[in-house]
Amino acid sequence: MRFERLVVPAPGRTDFTNNVWLVGDDAEVVVVDAAHDGDAIADAVGDRRVVATLVTHGHWDHVGAAPRLRARTHAPVLLHAADRTLWHESLVDAPDGELTDGLRLAVAGGEVEVRHTPGHTPGSCVVVAWPEGGGGDGEEQRGAARPLAVMTGDTLFHGGPGATRWPYSSFEGIVASIRERLLVLPPETPVHTGHGEDTTIGAEAADVAAWLARGW
């Protein structure tokens, strides 16, 4: 299983980009987020089968390409139910199904696991990738499995939590989500973010006290 980053600029802008992640191999992928340009994402997928597009949350910059990407790939687009209202601020069409906590999808000989991480938005989720025979249900805490990476959307970045400036957001909630659902992963786990550069679980865990002092 490999992780391919496609950096997609917002239409008409050079100062705002999103990371779209293709998780899989030469035969099939899961797409994480549907940002801005469905044709660019579909072109990056090529002739591989798309198992599903997993939208980490409902903000415009993560959902805007979903209809075009669905039309090109014929794959379902999944979003957590708590972010349906945010989705419909940008789009008329509905997602094809729901992301639920603990949902697992097989891809490229391994699997991806969805974890609900509210805070940035009520329905924010992260996607943990596991090798064949690995993963989830707390096994990582017992050393029985090692995740390959986690795609965090706007929940966790290099430098701390995502923004919580909206009425539906919660700084306390996002910190709890990160502590309970992400920092339990091994410290060497790569973190592939929704914007900007990668980090690791260990690098971000070292700065929790600074996050709490700073707030957001």
side-chain contact (heavy atoms from CB on, under 4.5 Å) assessment of M1 paired with E132: CA-CA 9 Å; M1 187 185 292; E132 183 178 3; over 6 Å; no
Would you check, one step at a time, whether the test side-chain contact (heavy atoms from CB on, under 4.5 Å) holds for T164 with S170? CA-CA 6 Å; T164 54; S170 168; 5.8 Å; no
Evaluate the side-chain contact (heavy atoms from CB on, under 4.5 Å) criterion for residues E113 and V127: first the C-alpha distance (whole Å), next the side-chain angles of each, then the deciding distance (0.1 Å), finally the verdict. CA-CA 6 Å; E113 172 208 357; V127 180; over 6 Å; no
Test side-chain contact (heavy atoms from CB on, under 4.5 Å) applied to V23 and M151, step by step: CA-CA 10 Å; V23 181; M151 279 60 61; 3.8 Å; yes
H120/H57 under ring pair (Phe, Tyr, Trp, His ring centres under 6.0 Å): CA gap, chis, key distance, verdict: CA-CA 9 Å; H120 180 67; H57 63 287; 4.8 Å; yes
H158 and H195: ring pair (Phe, Tyr, Trp, His ring centres under 6.0 Å), yes or no, with the steps? CA-CA 9 Å; H158 176 74; H195 306 269; over 10 Å; no
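At a threshold of 4.0 Å, the pair R68-D37 does not count as salt-bridged, since none of the basic side-chain nitrogens sits closer than that to a carboxylate oxygen. A salt bridge links R104 to E111: at least one charged side-chain nitrogen sits closer than 4.0 Å to a carboxylate oxygen. A salt bridge is defined here as a Lys NZ or Arg NE, NH1 or NH2 lying under 4.0 Å from an Asp or Glu carboxylate O, and E98 with R84 fails to meet this definition. Classification of D25 and R49 as a salt-bridged pair fails, no side-chain N sitting under 4.0 Å from a carboxylate O.
Using a 3.5 Å distance cut-off with no hydrogens or angles, the side chains of T155 and T117 do pair a donor with an acceptor.
Taking CD from E197 and NE2 from H192, the interatomic distance works out to 13.0 Å, rounded to the nearest 0.5 Å. Between the CG atom of L156 and the OG atom of S177 there is a distance of 11.0 Å, given to the nearest 0.5 Å. A distance of 15.5 Å separates OG of S124 from CZ of R115, quoted to the nearest 0.5 Å. The CD1 atom of I41 lies 9.0 Å from the CG atom of N18; values are rounded to the nearest 0.5 Å. Between atom CG of residue D83 and atom NE2 of residue H88 there is a gap of 11.0 Å, rounded to the nearest 0.5 Å. Between the CG atom of N19 and the CG atom of L6 there is a distance of 9.0 Å, given to the nearest 0.5 Å.
Among pairs with a residue in residues 22-50, those fulfilling ring pair (Phe, Tyr, Trp, His ring centres under 6.0 Å) read H36-W60, at least two apart in sequence or across chains. Residue pairs satisfying the salt bridge (charged side-chain N to carboxylate O under 4.0 Å, His left out) criterion with at least one member in residues 69-81, sequence neighbours excluded, are listed as follows: D39-R72, D43-R72, R70-D93, R70-D96.
Cluster membership for I174 and L183, using ILVMFWY side-chain heavy atoms within less than 4.5 angstrom, is shared. Follow the hydrophobic side-chain contacts under 4.5 Å out from L78 and you never reach V55; the two are in separate clusters. W130 and L103 fall into different hydrophobic clusters, where Ile, Leu, Val, Met, Phe, Trp and Tyr side chains are chained together by heavy-atom contacts under 4.5 Å. With hydrophobic clusters built from ILVMFWY side chains whose heavy atoms lie under 4.5 angstrom apart, V112 does not share a cluster with V150. V20 and L69 fall within the same hydrophobic cluster, where Ile, Leu, Val, Met, Phe, Trp and Tyr residues are linked whenever their side-chain heavy atoms come under 4.5 Å apart, directly or through other members.
Applying the 4.5 Å side-chain rule to ILVMFWY residues, one finds L86, W166 in the same cluster as Y168.
Of the possible donor and acceptor atoms, one in the side chain of H80 sits under 3.5 Å from a partner among the backbone N and O of A82. With hydrogens and angles ignored, the 3.5 Å screen pairs a side-chain donor or acceptor of R48 with a backbone N or O of V45.
In this structure the side chain of T200 never reaches within 4.5 angstrom of the side chain of E188, judged on heavy atoms.
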